[in-house]
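One-based numbering along the sequence shown. Computed from a prediction, not measured in an experiment: that's the story for all the values here.
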Amino acid sequence: LYDELKPKTDPLSPDNKLIFMTGPATGTAFPLSGRFHVITKSPLGGIGDSDCGGDWGPELRFAGFDGIIFEDKAEKPVYLWIDDGKAELRSAERYWGKGVWDTEDEIREELDDPKVKLASIGPAGENHVIFAAIMNDKHRAAGRTGVGAVMGSKNLKSVAVRGTKEPKVADPKGLEGIVKKINEKIKTNGVTGKSLPELGTSVLVNIINEAGVYPTRNFQTGVFPTAGKTSGEAIRDTILTGKKPCWGCIVACGRVVRVMKPPYQVEGEGPEYETTWSLGAMCGIDDLDAITKAHNICDEMGMDPISFGNTVACAMELYEKGLIPKERLSGLELKFGNPQAIVELAWRAARRDGFGNDIALGSKRLAEKYGAPELAMQSKGLELPAYDPRGIQGHGLGYATSNRGGCHLRAYMIAPEILGIPEKLDPLKTEGKAQWVKTFQDIFTICDALVVCKFLTFALNAEDLKDLTNPITGWNWTADDLLQTGDRIYTLERMFINREGFGRKDDTLPTRLLKEPMPDGPVKGHIFELDKMLDEYYELRGWKDGKPTEQKLKQLQLI
């Protein structure tokens, strides 16, 4: 993308590129390798980079391809059909305007093959909702950074894939031996072997709330008194009907659910931790049925529920401060705690109907439109996830220095700062956090390059990843080789966003988190202390004011 895309390209123009990529691990015996990546220039701001599970990624490799690059724009809606090494574009005009679920069912029917895997957009992507997602297997999302809007701008409705080829690895027997050992580590780990299989990702709801860092009502506080009503335990005890793993996964954190009570009846999947929060506490809502309904509308319409819920919460605060006129809402009660708002606005945003057209802008542009940009809880245009950095300093530094914007998956410092993995750190201290964040970013970048699930990092370390990588590739790398490669990739991402105008001024978080002390709870009185960590982080990276130095680029052989 760096080599082929001109600087300042309009993300929704034909000049942007949309790249679907697998990695060397995808579809192999490497644990938790049922994933793929989508890469583009994001309409939200920086680099567009979204990772996704399910079955689609492995199927692409089974069909004989490592990746696909889409250039320009189709004259009319199309879908790409890939069948065991053969590829053709077909008309998708009959599917344009339809939701993801109907699109999947009907294209399979057209192709007369129930085993076809599809990655599709819904109406949100077609209508260029800025946080539109690409969905596969109906409920798995390449959710963040607006990749679905880019797909819609190319008139590309879906990519259908069917394959029967097995990906080749350099040393199958060597891989088999290490996988047995690694799977045992995954199964006996408290997170990957117990918590995630039993309660899904929403196991975190009570943990993060009790730590006082569960963002509530647009990050106004970090404690949601009724969080337990939307927790993993509550999901298990009320609406859970089963589990659904991604391809080849032994963790199986995906939840299958059914809501029977009106008016929010739905059969589907989720909600995950992030969406339980974004559609719940972030909006002051503790109605699990409504959260589950809105989550599944986001899946069907093809939207990132993290950015969607953030934007609704921003709108709620704007409205309560008198900045959004009531007549703009067509009768909608836009107040914190109203469960109908998230359900109604999910439909409206995807269709850009009425006030939904404002929600489709994302929180940054919405808050700017109504004169209060400080109320958008975002970084580099991407909405922040479900952890308040005022009480987890290292995690906040990860947000601020993420190349794609507000992201918890570039450096998941919740592991050491809250969960004590691989060791317990004081979440309120800033000392040493820059080094931890850099190391986490480098390891997580390697997971992204291999294209494997980051839940592996709860149980595995860099040595384990090296032991798995070498028999696949035929390399003889060390763990340090992997970490240096992570550093190199992360720096190249930084070169991309530097070219687009991002620098030190953008490695920051909203004023609320930097200036307003947490009002209550276990971390009452604390702010996020970015300035104490940022210069040290830059020094460790070999960057100056958010930009890699010439010396660093030469060291990494990037120039």
Side-chain angles (χ1 to χ4, degrees), residues 44 50 124 129-133 139 141 143-146 148 200-202 204-205 208-209 213-224 226-227 229-232 234-235 255 268-299 301-317 334 336-347 349-350 356 359-364 366-367 375-379 381-389 395 399 405-409 414 510 513:
L44 284 160
S50 204
V129 174
I130 202 167
F131 46 79
H139 295 281
R144 309 233 66 197
T145 71
T201 57
S202 289
L204 283 170
V205 171
I208 302 302
N209 191 54
V213 291
Y214 195 51
T216 299
R217 296 188 303 280
N218 203 33
F219 281 79
Q220 292 186 65
T221 182
V223 178
F224 190 42
T226 53
K229 294 171 66 175
T230 64
S231 64
I235 292 171
R255 308 289 96 175
E269 294 185 27
E272 307 304 325
Y273 169 69
E274 290 291 340
T275 53
T276 299
W277 160 77
S278 64
L279 305 172
M282 185 64 166
C283 297
I285 294 166
D286 63 8
D287 187 326
L288 182 58
D289 291 352
I291 291 167
T292 304
K293 179 68 173 179
H295 170 97
N296 279 276
I297 294 170
C298 286
D299 285 357
M301 295 292 101
M303 288 192 300
D304 169 17
I306 298 179
S307 285
F308 167 69
N310 255 279
T311 305
V312 172
C314 177
M316 287 174 166
E317 187 169 0
L334 194 61
F336 286 114
N338 177 17
Q340 293 178 330
I342 54 169
V343 174
E344 178 65 22
L345 284 173
W347 292 117
I359 296 295
L361 297 172
S363 66
K364 183 176 185 291
L366 174 79
L375 297 186
M377 296 298 109
Q378 54 80 32
S379 178
L382 184 64
E383 285 75 15
L384 300 179
Y387 314 89
D388 194 310
H395 196 69
Y399 283 169
C407 174
H408 61 297
L409 291 175
I414 298 303
L513 308 177

Novice: Would you please test Thr276 and His295 for side chain to side chain contact (heavy atoms under 4.5 Å, CB included) and show each step?
Specialist: CA-CA 8 Å; Thr276 299; His295 170 97; over 6 Å; no
Novice: Quick one: does any side-chain atom of Asn310 pair with a main-chain N or O of Leu384 as donor and acceptor, under 3.5 Å?
Specialist: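 Side chain of Asn310 to backbone of Leu384: a pair is present.
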Novice: Mind listing the closest non-hydrogen atom pair of Ala367 and Cys314 along with its distance?
Specialist: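 Heavy atoms only, the tightest pair is CB-SG, 3.9 Å.
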Novice: Roughly how far, to the nearest 0.5 Å, is the OH atom of Tyr273 from the OG atom of Ser231?
Specialist: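 Interatomic distance, Ser231 OG to Tyr273 OH, rounded to 0.5 Å: 12.0 Å.
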Novice: Quick check for you: to the nearest 0.5 Å, what is the distance between Asp388 atom CG and Gln220 atom CD?
Specialist: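 So the CG of Asp388 and the CD of Gln220 are separated by 11.5 Å.
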Novice: Check Gly381 against Lys364 and note the closest heavy-atom contact, atom names and distance.
Specialist: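 Smallest heavy-atom distance, with atoms named: CA-CD, 3.8 Å.
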Novice: Please name all residues satisfying ring pair (Phe, Tyr, Trp, His ring centres under 6.0 Å) with Tyr399, sequence neighbours left out, ordered by chain then number.
Specialist: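 Testing Tyr399 for ring pair (Phe, Tyr, Trp, His ring centres under 6.0 Å), a comparison that skips the adjacent residues, returns His395.
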Novice: Side chain to side chain contact (heavy atoms under 4.5 Å, CB included) with Ala315: which residues, sequence neighbours excluded?
Specialist: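 Ala315 satisfies side chain to side chain contact (heavy atoms under 4.5 Å, CB included) with Ile324, Leu334, Phe355, Ile359, Leu366 once adjacent residues are dropped.
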Novice: Distance only, no hydrogens: is a donor on one side chain within 3.5 Å (strictly under) of an acceptor on the other, for Ser363 and Gln378?
Specialist: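 No, no side-chain donor-acceptor contact under 3.5 Å.
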Novice: Between Pro305, Pro271, Pro339, Ser278, which is the residue that forms a side chain to side chain contact (heavy atoms under 4.5 Å, CB included) with Ile291?
Specialist: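 Passing option: Pro271.
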Novice: Does the side chain of Ile414 reach to within under 4.5 Å of the side chain of Val213, using non-hydrogen atoms?
Specialist: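 No, every pair of side-chain atoms sits at 4.5 Å or beyond.
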Novice: Starting at CD1 of Ile208, measure out to OH of Tyr387 and round the result to the nearest 0.5 Å.
Specialist: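 If we round to the nearest 0.5 Å, Ile208:CD1 and Tyr387:OH are 5.5 Å apart.
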Novice: Please confirm whether the backbone N or O of Ala386 pairs with a side-chain atom of Glu274, one donor and one acceptor, at under 3.5 Å?
Specialist: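 Checked: pair present.
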Novice: Just verifying a value: how many Å separate Leu513 CG and Phe219 CZ, rounded to the nearest 0.5 Å?
Specialist: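 So the gap between those two atoms works out to 6.0 Å.
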Novice: So, does Ser50 use its side chain to make a donor-acceptor pair with the main chain of Arg144 at under 3.5 Å?
Specialist: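 Between the backbone of Arg144 and the side chain of Ser50 there is a qualifying donor-acceptor contact (under 3.5 Å).
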Novice: Keeping the roles fixed (side chain from Asp286, backbone from Thr230), state whether a donor-acceptor pair exists under 3.5 Å.
Specialist: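 Side chain of Asp286 to backbone of Thr230, a donor-acceptor pair under 3.5 Å: no, none is there.
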Novice: Checking the side chain of Trp277 only, and the main-chain atoms of Pro215 only, is there a donor and an acceptor separated by less than 3.5 Å?
Specialist: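 Confirmed, Trp277 side chain pairs with Pro215 backbone.
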Novice: If every non-hydrogen atom of Leu382 is compared with every non-hydrogen atom of Ser307, which pair is closest and at what distance?
Specialist: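 Minimum heavy-atom separation between Leu382 and Ser307: CD1-OG, 4.1 Å.
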Novice: Taking the side chain as C-beta and beyond, is there a heavy-atom pair between Phe336 and Asn218 under 4.5 Å?
Specialist: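 SC-SC contact between Phe336 and Asn218 confirmed.
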Novice: Can you name the residues that form a side chain to side chain contact (heavy atoms under 4.5 Å, CB included) with Arg255, not counting sequence neighbours?
Specialist: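 Scan of Arg255 (side chain to side chain contact (heavy atoms under 4.5 Å, CB included), adjacent residues dropped) gives Leu240, Lys243, Val257.
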Novice: Before giving the answer on side chain to side chain contact (heavy atoms under 4.5 Å, CB included), spell out for Leu279 and Phe308 the whole-Å C-alpha distance, their side-chain angles and the decisive distance to 0.1 Å.
Specialist: CA-CA 8 Å; Leu279 305 172; Phe308 167 69; 3.6 Å; yes
Novice: If you round to the nearest 0.5 Å, how far is CD1 of Ile306 from OG1 of Thr311?
Specialist: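 CD1 of Ile306 is found 11.5 Å from OG1 of Thr311.
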Novice: Can you measure from NZ (Lys293) to CD1 (Ile342) and round to the nearest 0.5 angstrom?
Specialist: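 The CD1 atom of Ile342 is 12.0 Å from NZ of Lys293, to the nearest 0.5 Å.
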Novice: Taking the side chain from Asn209 and the backbone from Tyr214, do they hold a donor-acceptor pair closer than 3.5 Å?
Specialist: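 No; judged by distance alone, with no hydrogens or angles, the pair does not exist.
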Novice: How close do Met282 and Gly309 get, counting heavy atoms only, and between which atoms?
Specialist: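 In this case the closest contact between Met282 and Gly309 is CG-O, 4.3 Å.
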